[in-house]
Amino acid sequence: MTIGWIGAGRMGYEMAGRLARGGADVLVWNRTRAKAEPLAKLGATIADILPELAARDIVFCMVSTWDDVQQVMRAMLDRAKKVPRLVIECSSISLEGSTELRKMLAARGIEYLAAPVSGNAKVIKAGRLSFVCSGPKRAFDAALPYLKMIAPAASWVGEGELARIVKICHNVFLGVVTQSLAEVTVLAEKAGVPRHAFLDFMNQSVMGSTFTRYKTPAFVNLDFKVTFTPKLLRKDLDLGLDAGRRFEVPLPLASMTRDLVQTMIGNGMTEKDFSELLVLQARASGLQLKPENVEVEDGLA
Ligand SMILES: NC(=O)c1ccc[n+]([C@@H]2O[C@H](COP(=O)([O-])OP(=O)(O)OC[C@H]3O[C@@H](n4cnc5c(N)ncnc54)[C@H](OP(=O)(O)O)[C@@H]3O)[C@@H](O)[C@H]2O)c1
C-alpha cells in the first residue's frame, strides 16, 4: 500500500524514517518543508502540498494538538477527489477531538485508527516505541505490518477512542513519575548522595524502569536537550484533568504536577526538556545543581 505521512517533528520524523528505511512507499508532508527533506535520503518522497497525500492508501498523522490535526485533515481532504482508505492518527489528542475526527473521516468513507504512542524520538531510534490503537479491528489488522515497521509493540484495545484515554493516562503517569523522581533525587542530593549514585541504586531496584534509566543521563549531567516539551506535557496533563472531570475521577497528583509544569512554563522554561522539573525542584529546595559529568547508561543501547 502507498503511505502518506503528515508531520516531521521530533516524533514524526523518526517514525516516517523507519517506514522509509523499511522500504515502504512513503510520501511525507511537513509544514516546514526543510525538516522533512533529509527523509528523502532514506527513500521517502517529499510532498510540496498536503492534498497530494489524499491519493495515498494509508495516511499517518503526527502533529501537536487537536486543532492542528483538524487543520491538516481539512487541508488534505477538503477538495480531494480520491481519498485514503485509512487514516492512522498518532498525535496525543482528546477523546472528544478523536470522536470528531472519526465522524469527519466517516463522512468521506475513510476508516480511522486512533494510534497514539509511548516513547520519545530516542526510543523510536532504539526500536522500542509502542502503539496503543483503537478503532475497527480490521483497520488495525490492515495497518499492523506498517505499525510493526515503526514499533515492535502495537496493542489494539478496542473500538472507538479507547486508545486516547490509555495514552492520556500514560502521560499523566509520565508527568507524575518525573516530578516524583525529581523530588527524591533532590532530597537524596541535599542529604549528601550524588545523583549518579542515587539513580544507579534506583535503576537496579524494583522501582527502576526503562523510563528512570533513560532519564538518568539528563538528571545526572543536566543535559536537557528536548525530547518532549513542557507545553506538550501541560497539554496532556490538561487532557487528563478534563477526562477526570468527565468521568468524575479525582486526580490530585496529576493536578499538582500540572501546576508545577505550569510554573516551569511561567518561568520561561519552555525550550528544553520537560525533565527540567528537576531544576525547578532544586530551586524550590535551595540547591544549586551542577552537572556531575559521570558517564551513565540510558538503558536504550
Ligand atoms: N516527544 C515525545 O516524547 C512524544 C512522545 C509521545 C507522543 N508525543 C505526541 O506526539 C505529537 C508530536 O510531538 P513532537 O514531540 O514530535 O512535537 P514537535 O517536535 O513539536 O512536532 C510537531 C509537528 O507538528 C507539526 N504541526 C504542528 N502544528 C501544525 C499545524 N497547525 N499545521 C501543520 N503542522 C503542524 C509541526 O510542523 P513544523 O515542523 O512546521 O513546526 C511538526 O511537524 C504530540 O501530540 C505529542 O504530545 C510526543
Side-chain angles (χ1 to χ4, degrees), residues 4-18 28-39 44 46-53 59-78 88-95 97-98 101 114-126 128-133 147 150-151 153-154 163-164 166-175 177-178 210-211 214-215 218 224-240 258 261 265 270-277 298 300:
W5 192 283
I6 303 174
R10 270 178 286 276
M11 298 295 286
Y13 182 91
E14 295 299 335
M15 291 167 80
R18 284 185 74 89
V28 183
W29 178 86
N30 194 54
R31 180 177 59 183
T32 312
R33 196 183 196 281
K35 281 199 215 166
E37 274 163 1
L39 287 168
I46 313 303
D48 288 318
I49 53 165
L50 201 37
E52 284 180 52
L53 272 66
V59 173
F60 283 85
C61 177
M62 188 52 153
V63 290
S64 298
T65 64
W66 162 233
D67 282 348
D68 306 319
V69 172
Q70 216 170 350
Q71 275 178 29
V72 295
M73 285 295 153
R74 293 220 163 105
M76 176 175 73
L77 296 172
D78 270 359
I88 303 178
E89 208 304 306
C90 308
S91 325
S92 305
I93 61 170
S94 62
L95 290 155
S98 198
L101 179 60
V117 297
S118 165
N120 62 28
K122 225 173 153 187
V123 172
I124 304 171
K125 274 193 205 147
R128 308 262 311 259
L129 190 73
S130 25
F131 279 105
V132 56
C133 305
L147 299 178
I150 302 169
R164 299 298 180 185
V166 175
K167 172 63 188 172
I168 290 168
C169 291
H170 172 284
N171 270 29
V172 165
F173 191 48
L174 167 76
V177 165
T178 308
T210 302
F211 179 73
Y214 79 60
K215 277 298 174 207
F224 295 113
K225 182 171 179 291
V226 69
T227 66
F228 187 47
T229 61
K231 282 189 179 167
L232 286 178
L233 178 60
R234 177 180 63 182
K235 161 187 68 90
D236 291 347
L237 288 163
D238 282 337
L239 290 175
R258 188 263 176 215
V261 174
I265 295 171
T270 54
E271 302 311 310
K272 293 189 187 165
D273 197 54
F274 74 100
S275 56
E276 267 205 316
L277 277 169
D298 64 8
L300 289 176

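These numbers come from a predicted model, not from an experiment. Whatever order the structure lists them in is the order used to number ligands and atoms, beginning at 1. Quick note: numbers below take in every heavy atom, side chains included, and nothing from hydrogens, waters or symmetry partners.
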[X] heavy atoms, cut-off 4.0 Å: which ligand 1 atoms fall inside?
X      : value
Leu232 : 13 (O), 15 (O), 17 (O), 46 (C)
Thr227 : 1 (N), 2 (C), 3 (O)
Lys167 : 6 (C), 7 (C)

For [atom], closest protein heavy-atom neighbour:
atom                    : answer
atom 3 (O) of ligand 1  : Asn120 CB, 3.3 Å
atom 9 (C) of ligand 1  : Ser92 OG, 3.5 Å
atom 40 (O) of ligand 1 : Thr32 OG1, 2.4 Å
atom 12 (C) of ligand 1 : Val63 O, 2.9 Å
atom 33 (C) of ligand 1 : Val72 CG1, 3.4 Å
atom 37 (O) of ligand 1 : Asn30 OD1, 3.5 Å
atom 45 (O) of ligand 1 : Ser64 O, 2.7 Å
atom 20 (O) of ligand 1 : Arg10 NH2, 3.6 Å

[X] to ligand 1: N or O pair under 3.5 Å?
X     : result
Ala8  : yes
Ser91 : no
Gly9  : yes
Trp29 : no

May I ask you to decide if the ring planes of Phe228 and Phe274 are parallel, tilted or perpendicular, using 30° and 60° as cut-offs?
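Perpendicular.
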Can you tell if the side chain of Phe60 reaches within under 4.5 Å of the side chain of Leu147, non-hydrogen atoms only?
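The answer is yes, as the side chains (C-beta and beyond) meet within the 4.5 Å cut-off.
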Should Gly119 be listed as contacting ligand 1, given a heavy-atom distance under 4.0 Å as the test?
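Right, Gly119 reaches ligand 1.
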Ser275 side chain to Asp273 side chain, donor-acceptor N/O pair below 3.5 angstrom
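A pair is found: one side chain offers a donor N or O, the other an acceptor, under 3.5 Å apart.
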I'd like to know if Asp48 pairs up with Arg33 as an ion pair, taking the criterion as any Lys NZ or Arg NE/NH1/NH2 lying under 4.0 Å from an Asp or Glu carboxylate oxygen.
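The answer is yes: the pair qualifies as a salt bridge.
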Could you name the option among Lys235, Lys122, Met11 that has the heavy atom nearest to atom 47 (O) of ligand 1?
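Selected option, by shortest heavy-atom distance: Lys235.
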Nearest non-hydrogen contact with atom 29 (C) of ligand 1 belongs to which option: Met62, Lys231, Arg31, Glu89?
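When every heavy atom of Met62, Lys231, Arg31, Glu89 is considered, Arg31 comes closest to atom 29 (C) of ligand 1.
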